[in-house]
Amino acid sequence: MARAAIPRRLTWQLGRVVELIDETPRCKSVVVDLPEWQGHRAGQHVDVRLTAEDGYQAERSYSIASAPEDAHLVLTVERLDDGEVSPYLTDELRPDDELELRGPIGGYFVWERSLGGPLLMVAGGSGVVPFRSMLRHWAAGEHDTVPRLLYSSRTLPEVIYQEELTRFSADDGVDVRLALTREWPENWEGHRGRVDRGFLEEVAWAPAERPLVYICGPTSFVEAVAQTLVDIGHEPGRVKTERFGPTGT
Amino acid sequence: MEALDGNAIAGALFEYFGTEMTVARGACVYCGATAQIAELRVYGQAPGTVARCRSCGNVVMVLVSVRGLQKVHLSGFRLGD
Amino acid sequence: MSPISRGFGGRRRPVADPSRVPPGQYVTPDFPVLSAGPTPHTPLDEWSFTIHGAVEKPVSWPWDEFIALPSETVTVDIHCVTKWSKLDTSWKGVSVDTLLENVETEAEYVTAWSDGGYTTNLALEDVTGGRAWIAYEYGGEPLEPEHGGPARLVVPHLYFWKSAKWVRGLTLTPDDQPGFWENYGYHNHGDPWLEQRYQGD
């Protein structure tokens with residue numbers, strides 16, 4: 001798929017749903033075929049627009065889960081119980097349905113090889129979605145440093161992309177650290193409880209290494225982590241944040 | 001309702017300015033603090049979307065869709081610095 | 001026109017009595033939270049409600065005195081300019097008529113102002129005659145901060161952006177002074193039955 005930095009125009013495109021994949025009880029990945037897609041950068045998002053028969057429309061943004069190198073665009077959607085768009089995407093959408101979206105959008109929360117590293121990604125709940133894109137993009141090319149992913153989730157069943165993250169860890173040496181904040185298995189060897197300063201100091205690269213840090217998730221999570229990393233000594237200018245609406249951290 | 005950030009208005013700003021705007025840097029006219037648009041504190045969807053300076057909290061940008069036409073009021077944010 | 005998303009209906013609900021729903025509105029069972037800024041948290045011992053501006057004598061009540069004023073409980077329909085309407089919402093508060101009882105003024109307009117800097121303008125006749133309250137309870141419970149607590153203006157016959165959350169006072173003005181959203185293109189009056197959403201409607 002051709003790589004494009006910024007689309008010249010942001011137009012609504014019509015895609016066709018190819019496949020729906022159950023990631024977790026609340027999350028589904030939607031694989032979309034988009035004939036007019038011009039490529040994207042890891043970390044960007046799309047706006048999805050739904051239209052009812054009487055013309056009523058609702059629009060939401062979703063991070064792109066697929067890498068620029070992947071064959072199809074993939075969005076991973078968390079079902080919000082009181083949501084208007086997410087329950088449609090996770091419960092109603094079927095293969096061969098049309099889906100209207102525009103993108104790619106965003107130039108701030110992106111990572112590509114030319115930006116360098118080392119790379120630290122900190123995810124709260126479904127904030128992990130853009131990091132799947134970044135990791136796949138990283139793995140698809142040459143690299144001399146290995147990224148670290150710190151991923152906070154309420155419970156283990158809610159961890160998205162478990163198998164893929166395990167593969168990144170086993171095959172590519174990516175340092176994946178899970179923090180379970182609400183419930184964990186008895187023999188859990190990962191972090192228990194909220195992501196705190198001690199855990200960040202343990203997992204993050206030392207400030208002297210000047211990592212590129214990306215933090216994505218609910219606002220309170222992102223702000224607490226960003227503040228703590230700056231307190232530890234990381235340069236604010238090398239910490240990038242993307243705040244989501246409600247999600248399960 | 002917690003605030004989001006300028007990433008949330010990236011699409012609307014692209015449509016209005018014709019280009020990617022979240023990396024654009026500017027200064028708050030009230031307190032002088034500089035920030036990239038992605039770093040602004042963003043509230044709400046309607047009646048309009050309000051972006052506030054992360055330092056002083058003043059309103060630096062307002063997005064309103066009037067009769068389907070998107071308008072971006074940027075008077076609190078001086079682009080380029 | 002966009003292609004139709006098969007099976008999508010949105011949050012709307014069919015209404016038993018459509019005559020209660022203004023044009024272009026949908027009924028919702030939810031109570032969406034829309035805000036232009038962070039939720040203020042003024043401690044009650046620092047809270048007061050003030051009527052001032054083009055008046056003979058300004059008047060102000062601290063919280064304890066305010067909630068001791070004669071109050072009413074009303075059940076009203078509310079209509080947001082973002083197209084959702086919520087029917088049969090219950091509020092308890094002080095009627096603005098009560099607050100204006102001893103206020104002498106020749107002003108014809110008010111600006112409601114709130115913690116956090118929000119303002120909205122209304123005609124005096126739109127907040128009098130039993131049409132407006134400063135409400136501190138919703139659904140029988142103290143009004144939550146995210147919905148405007150400790151107290152908000154409630155003016156159900158106008159679009160709900162006029163019902164200023166976190167209200168702290170009314171400034172009486174001789175002329176109509178556009179408030180926050182009105183300055184950005186929303187209508188000075190805001191009658192949902194005439195679909196007065198934007199200036200010029």
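Protein chains get the first letters and strands the later ones, always in sequence-line order, with residue 1 at the start of each.
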[X] [atom1] to [Y] [atom2] distance, which is reported to the nearest 0.5 Å:
X        : Y        : atom1 : atom2 : answer
A:Phe221 : B:Glu2   : CZ    : CD    : 12.5 Å
B:Leu13  : A:Ile105 : CG    : CD1   : 10.5 Å
B:Asn7   : A:Ser63  : CG    : OG    : 8.5 Å

Open item on the list: For A:Thr11, which atoms come within 4.5 Å of any heavy atom of chain B: side chain, backbone, both, or neither?
Closed with: neither
Open item on the list: Quick check: closest heavy atoms across A:Leu10 and B:Phe14, and the distance to 0.1 Å?
Closed with: CB-CD2, 3.5 Å
Open item on the list: Can you confirm whether more than 12 heavy atoms, excluding those of A:Arg197, are under 6.0 Å from its CZ atom?
Closed with: yes
- [ ] State whether the number of non-hydrogen atoms from other residues, nucleotides or ligands found under 6.0 Å of A:Glu53 atom CD is greater than 12.
- [x] no
Open item on the list: Between B:Glu39 and A:Lys240, does any side-chain N to carboxylate O distance fall below 4.0 Å?
Closed with: no
TODO: With sequence neighbours left out, write down each residue that passes side chain to side chain contact (heavy atoms under 4.5 Å, CB included) with B:Thr22, or none if nothing qualifies.
DONE: A:Tyr108, B:Ala10, B:Glu20, B:Ala38
TODO: Name all pairs fulfilling the salt bridge (charged side-chain N to carboxylate O under 4.0 Å, His left out) condition that reach into residues 210-228 of chain A, sequence neighbours left out, sorted by first residue then second.
DONE: A:Arg210-A:Glu235, A:Glu223-A:Arg243, A:Glu223-B:Arg41, A:Glu223-B:Arg54
